[in-house]
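As the structure lists them, so they are numbered: ligands from 1, and atoms in each ligand from 1. Computed from a prediction, not measured in an experiment: that's the story for all the values here.
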Amino acid sequence: MTRLIDINMISAMVEKIGLDIFLQQMTENISRNYRQWMKFEKSARLASHSKVGVIELMPISDDQLYGFKYVNGHPANTAKGLSTVMAFGALAEVETGYPLLLSELTLTTAFRTAATSIMAARVLARKNSRVMAIIGNGAQSEFQATAFHLLLGINEIHIFDIDKTAMDKFQQNLSSYKTLKVIQFSNTAEAVKGVDIITTITADKTLATILTTDMIEPGMYINGLGGDCPGKTEIHANVLKQAKIFVEYEVQTRIEGDIQQLDKKHPVIELWQVLSGQQPGRDNDSQVIIFDSVGFALEDFSALQYLYELSNKLGIGKNIELIPQMDNPKDLYGLLTKTELTTDSSKAA
Ligand code: NAD
């Protein structure tokens with residue numbers, strides 16, 4: 001049987017164990033797999049672009065499990081009542097190819113992106129970081145805010161979005177956190193002034209320049225998430241040039257990340273190297289650091305692995321007959337004769 005996890009089941013799991021523990025455990029799972037980078041068979045994701053968006057497949061495997069995510073990115077979707085990012089994914093046994101899990105990944109993408117941001121910020125942001133700006137207050141933004149508040153000690157968040165209703169929604173959604181101060185700003189330059197960390201999480205299918213050099217102060221850590229497709233960026237090339245840059249998987253980020261604007265030889269460091277102690281992260285407290293995140297298959301694989309274990313442990317989820325179970329595996333046709341098929345001609349009779 002294949003385990004099915006839908007949106008309601010994810011919500012039930014989070015409610016059962018608590019959002020802070022859920023985020024912490026997901027971060028630990030992603031970090032553990034990043035530290036074992038070499039055991040994974042990796043590739044850049046397969047993207048199908050259109051004028052308005054992109055649809056991507058993100059596969060990865062180790063010697064035990066194979067996973068993939070289907071995900072889109074359509075910035076104009078919200079005007080049609082649909083999410084910009086929608087996703088689902090599967091986990092299968094390498095030995096047999098049997099699909100163990102079919103899961104929603106829209107909500108989970110927001111969790112895993114926040115968890116990945118925490119994993120990176122723990123090794124790259126200044127240790128005493130307390131104030132963060134979030135530019136772009138759409139679907140992903142509160143997940144980032146919650147994770148940084150609960151797991152990294154951020155207690156003040158400056159927000160800016162070109163859509164005022166998105167800022168109001170953000171502030172309302174986080175109003176229950178009494179130890180978190182949220183302040184709205186009327187532009188990016190004011191929002192980022194004096195902060196320790198800047199998270200950019202906007203959606204616009206264009207070469208945008210949300211962050212320019214005049215906004216950058218010594219020691220800032222930039223968690224850049226929305227520049228994740230060819231022709232879709234957020235950070236001005238001159239900001240990139242003045243910073244030390246970290247990426248998830250260089251092959252993929254050269255195509256999709258903000259660094260698509262730079263020379264192919266411009267130095268970047270893959271995050272796994274820092275997490276496994278092979279490369280230093282931040283060299284000093286005045287260094288400007290950018291995590292040019294695009295989202296990598298290993299994060300979804302880790303999330304699927306974690307959800308599968310949690311679903312079995314908590315007894316939340318459903319087993320479905322996605323793959324036929326047969327006494328004689330060669331008799332696939334027998335499935336048709338066992339089921340009472342109603343054909344058009346039998347209806348007529
Ligand atoms: P969303 O459409 O729900 O929200 C995006 C927000 O950005 C909107 O509220 C919009 O008004 C705002 N915005 C657009 N241009 C802006 C500008 N110039 N200044 C300020 N705000 C602006 O989208 P979402 O689901 O929150 O995703 C946001 C982005 O993050 C997308 O580009 C998506 O592709 C990317 N993303 C990256 C990762 C990753 O792993 N790196 C994961 C998920 C999503």
Look only at interatomic distance and state if [X] has a nitrogen or oxygen under 3.5 Å from any nitrogen or oxygen of ligand 1.
X	answer
Asp204	no
Thr78	no
Asp228	yes
Thr202	yes
Arg112	yes
Ile210	no

Classify the ring geometry between [X] and [Y] as parallel (under 30°), tilted (30 to 60°) or perpendicular (over 60°).
X	Y	value
His158	Phe185	tilted
Phe88	Phe68	perpendicular
His149	Tyr177	perpendicular

So if I count the atoms of ligand 1 from 1 in the order they appear, which ones are less than 4.0 Å from some heavy atom of [X]?
X	value
Gly295	39 (C), 40 (O), 41 (N)
Asp163	11 (O)
Ala203	2 (O), 5 (C), 7 (O), 14 (C), 23 (O), 31 (C), 32 (O)
Val294	39 (C), 40 (O), 41 (N)

Is there a heavy atom in Lys232 that sits closer than 4.0 Å to ligand 1?
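It does; at least one heavy atom falls under 4.0 Å.
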
Taking a cutoff of less than 4.0 Å between a non-hydrogen atom of the residue and any ligand atom, is Pro75 in contact with ligand 1?
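For ligand 1, residue contact (heavy atoms, under 4.0 Å) with Pro75 is absent.
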
Minimum-distance protein heavy atom relative to [atom]:
atom	answer
atom 28 (C) of ligand 1	Ile201 O, 3.4 Å
atom 4 (O) of ligand 1	Gly138 CA, 3.2 Å
atom 24 (P) of ligand 1	Gln140 CG, 3.4 Å
atom 37 (C) of ligand 1	Leu225 O, 3.1 Å
atom 2 (O) of ligand 1	Thr84 OG1, 2.6 Å
atom 15 (N) of ligand 1	Ile162 CD1, 3.5 Å
atom 3 (O) of ligand 1	Ala139 N, 2.9 Å
atom 42 (C) of ligand 1	Thr113 OG1, 3.2 Å

Regarding [X] and [Y], does a basic nitrogen lie under 4.0 Å from an acidic carboxylate oxygen?
X	Y	result
Asp283	Lys244	yes
Arg254	Glu250	yes
Arg126	Asp285	no
Lys169	Glu142	yes

Of the listed options (Thr188, Asn72, Asp161, Val85), which comes nearest to atom 6 (C) of ligand 1 when hydrogens are ignored and any heavy atom counts?
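Nearest heavy atom to atom 6 (C) of ligand 1 lies in Asp161.
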
Going by atom types alone, do Arg3 and Ser311 pair a side-chain donor with an acceptor below 3.5 Å?
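Arg3 vs Ser311: donor-acceptor pair found between side chains.
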
Exercise: do Glu299 and Ser302 side chains pair donor with acceptor under 3.5 Å
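No, because no side-chain N or O of Glu299 sits under 3.5 Å from a partner of the opposite role on Ser302.
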
Please evaluate residues Thr253 and Gln260 with respect to the criterion side-chain contact (heavy atoms from CB on, under 4.5 Å), reporting the C-alpha separation (whole Å), side-chain torsions for both, the decisive distance (0.1 Å), and the verdict.
CA-CA 7 Å; Thr253 313; Gln260 64 187 268; over 6 Å; no

Is a side-chain donor or acceptor of Arg112 paired with a backbone partner of Met26 at a separation under 3.5 angstrom?
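Pair absent, no side-chain N/O of Arg112 close to backbone of Met26.
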
Under 3.5 Å, is there a donor-acceptor pair between the side chain of Gln279 and the main chain of Val274?
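No: the side chain of Gln279 does not pair with the backbone of Val274.
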
Check Trp272, Phe301, Phe296 against Phe40 for a ring pair (Phe, Tyr, Trp, His ring centres under 6.0 Å) and give me the one that passes.
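Per the ring pair (Phe, Tyr, Trp, His ring centres under 6.0 Å) rule, the option paired with Phe40 is Phe301, out of Trp272, Phe301, Phe296.
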
